[in-house]
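One structure is given here, and the rest of the page talks about it.
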Amino acid sequence: MNFHILTLFPQMVEQGLNTSIIGRAQEKGILSVETINIRDFTMDKHKKVDDYPYGGGAGMLMQAQPVYDAYLHVVEKIKTRQRPRVIYVTPQGKTFKQEMAKEFALEQDLVFLCGHYEGIDERVLEEIVTDYVSIGDYVLTGGELAAMVMIDSISRMVPGVLSNKESGETESFSDNLLEHPHYTRPEVWRGKEVPQVLLSGHHKRIEEWRKEQSLERTRIRRPDLYEKYLSNK
Ligand code: 21W
């Protein structure tokens with residue numbers, strides 16, 4: 001999987017994605033993360049990439065030309081499949097979900113377009129964007145953090161990124177249930193004991209207890225998921 005991120009703040013994205021699991025996967029050659037600074041593609045002598053909105057209104061807009069030329073630079077680089085999927089990270093997009101992470105993880109190349117200011121000239125979006133995606137209903141200062149969230153989540157769905165041990169966890173969200181509580185040593189901490197069943201060695205009883213906890217926790221904390229679980233059963 002090759003991620004290509006079109007942004008005005010490349011160092012922000014690079015800082016966040018070169019560590020931990022994503023960093024390890026890059027070293028292993030399973031993933032690559034490339035940032036493209038949209039400002040490098042401006043034709044303006046003062047390196048300007050924004051301008052006022054036609055029709056008036058507050059704020060500035062990113063101009064079409066630098067965004068389009070940055071995109072063409074990526075397309076020329078990936079000789080394999082032309083027309084990669086281009087994800088515009090925007091509060092106006094469809095909400096990112098685990099299912100989308102799995103679907104995007106099947107692509108060879110993914111281009112992320114991060115907006116700033118009040119947005120981007122609509123004409124370049126019509127020309128290059130294939131998917132409009134948000135990470136939820138709250139307001140961020142730019143698209144970079146949202147792109148990083150999506151890249152992190154997509155990456156762990158790419159075969160080989162997680163170890164076998166880590167991969168076990170991928171099931172947990174797909175059946176619409178939250179996980180049971182976890183305990184480690186010591187057996188008593190500030191007077192609180194580990195549930196006796198976990199010390200019993202009865203694997204069947206432990207499994208039953210965990211399932212029960214999982215259901216109850218989901219019902220209380222995420223009634224929306226609980227309803228989904230019941231209707232899929
Ligand atoms: C926030 C850009 C607000 C544009 C009405 C008039 C990408 C994001 C973003 C941002 C506006 C995502 C306004 C969840 C997010 C992102 C920056 C609109 C304000 N409203 N997912 N003017 N939340 N956010 N301008 O903010 O780019 S994915």
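When a ligand or atom number is given, it counts from 1 through the structure's own listing order. Count residues from 1 along the sequence.
- Between Lys102 and Glu99, at least one side-chain nitrogen of the basic residue sits less than 4.0 Å from a carboxylate oxygen of the acidic one, meeting the salt-bridge criterion.
- If you check the side chains of Gln63 and Asp50, you find no donor sitting under 3.5 Å from an acceptor.
- Checking Val49, Thr42, Leu113 one by one against Val67, the side chain to side chain contact (heavy atoms under 4.5 Å, CB included) holds for a single residue, Leu113.
- Salt-bridge annotation for Arg123 and Glu126: absent, with no side-chain N of the basic residue lying under 4.0 Å from a carboxylate O of the acidic one.
- In this structure, Phe41 and His73 have tilted ring planes: the angle between them lies in the 30° to 60° band.
- The environment of Arg24 atom CZ is dense: over 12 non-hydrogen atoms of other residues, nucleotides or ligands sit within 6.0 angstrom.
- Residues of the protein with a heavy atom under 4.0 Å from ligand 1 are Val89, Thr90, Pro91, Glu118, Val133, Ser134, Ile135, Gly136, Tyr138, Val139, Leu140, Thr141, Gly142, Gly143, Ala146, listed by chain and number.
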